[in-house]
Amino acid sequence: MPTGKVKWYDEQKGFGFVAAEDGQEVFLPASALPAGAKVRAGTRLEFGIAEGRRGAQALSARVLDRMPSSVKNHRKPAEEMAVITEDLIKLLDGVSNTLRRGRYPDRAVGRKTASILRTVADELDA
């Protein structure tokens, strides 16, 4: 499998580009990354390549080296995380009640909840 480094990646847009070791520039969609993986410029990846309509596209990427953690330097105080965690519990309680009624939360609530869960998990894992 080819390897390369992320040239840039925009989490908001859900894509970026990888500079493969052979010099090829490869499109990197969010769907090619492992669940919960965070990448930024310089992150090394191993990936498959498929030719799409617009050129080479990465498939099934695997992070080879983690990003250097700058999160530890900017970690929130424990007291602030306690408040955030309590608010998260209230949000999850609302989602749980919706699920108990036999429905999934609407798409916007689901995305918001997932985003908050990832953010809190990253903060706790730093």
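Along the sequence shown, residues carry numbers from 1.
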Closest contact, heavy atoms only, [X] versus [Y]:
{"X": "Ala58", "Y": "Ala32", "result": "O-CB, 3.4 Å"}
{"X": "Ala61", "Y": "Pro34", "result": "O-CD, 3.3 Å"}
{"X": "Gly110", "Y": "Pro105", "result": "N-CB, 4.5 Å"}
{"X": "Val63", "Y": "Ala37", "result": "CG2-CB, 4.3 Å"}

[X], [Y]: one ILVMFWY side-chain cluster at the under-4.5 Å cut-off?
{"X": "Met1", "Y": "Leu45", "value": "no"}
{"X": "Val39", "Y": "Leu59", "value": "no"}
{"X": "Val83", "Y": "Met81", "value": "no"}

(request) Give a yes or no answer on whether the side chain of Glu123 reaches the backbone of Lys76 with a donor-acceptor pair at less than 3.5 Å. (result)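 Such a contact is found between Glu123 side chain and Lys76 backbone.
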(message) Under a 3.5 Å distance rule, please check whether Thr113 uses its side chain to pair with a backbone N or O of Val109 as donor and acceptor.
(response)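 Pair found, side chain donor or acceptor close to backbone of Val109.
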(request) Name all pairs fulfilling the ring pair (Phe, Tyr, Trp, His ring centres under 6.0 Å) condition that reach into residues 17-36, sequence neighbours left out, sorted by first residue then second. (result)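 The answer is Trp8-Phe17, Phe15-Phe27, Phe17-Phe27.
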(request) Would you list the pairs meeting ring pair (Phe, Tyr, Trp, His ring centres under 6.0 Å) in which at least one residue belongs to residues 86-125, sequence neighbours left out? (result) none
Can you confirm whether [X] sits close enough to [Y] that some side-chain heavy atom of one is under 4.5 Å from a side-chain heavy atom of the other?
{"X": "Thr98", "Y": "Arg100", "answer": "no"}
{"X": "Tyr9", "Y": "Leu33", "answer": "yes"}
{"X": "Leu92", "Y": "Leu117", "answer": "yes"}
{"X": "Phe47", "Y": "Ser60", "answer": "no"}
{"X": "Pro29", "Y": "Gln57", "answer": "yes"}

(request) Ignoring hydrogens and angles, state whether a donor on the side chain of Glu46 or Thr3 is under 3.5 Å from an acceptor on the partner side chain. (result)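 Distance-only check fails for Glu46 and Thr3.
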(request) Would you kindly say whether Ser115 and Arg111 are connected by a side-chain donor-acceptor distance under 3.5 Å? (result) no
(message) Rounded to the nearest 0.5 Å, what separates atom OG1 in Thr85 from atom CD in Glu80?
(response) 10.5 Å
(request) Find the distance between CG (Leu64) and CZ (Arg62) and round it off to the nearest 0.5 Å. (result)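 It comes to 5.5 Å.
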(request) Output, in order, the C-alpha distance, side-chain angles, deciding distance and verdict of side-chain contact (heavy atoms from CB on, under 4.5 Å) for Glu21 and Arg44. (result) CA-CA 10 Å; Glu21 288 182 347; Arg44 289 188 60 239; 4.3 Å; yes
(request) Going by the side-chain contact (heavy atoms from CB on, under 4.5 Å) test, name the single residue among Leu99, Asp93, Asn97 that passes it with Val95. (result)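 Of Leu99, Asp93, Asn97, side-chain contact (heavy atoms from CB on, under 4.5 Å) with Val95 is met by Leu99 alone.
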(message) With side-chain contact (heavy atoms from CB on, under 4.5 Å) as the criterion, how do Gln24 and Ile49 come out once you've worked through the C-alpha distance, each side chain's angles and the decisive distance to 0.1 Å?
(response) CA-CA 11 Å; Gln24 183 178 18; Ile49 296 179; 3.8 Å; yes
(request) Report, as yes or no, whether the 6.0 Å neighbourhood of atom CZ on Arg101 holds more than 12 heavy atoms from other residues, nucleotides or ligands. (result) yes
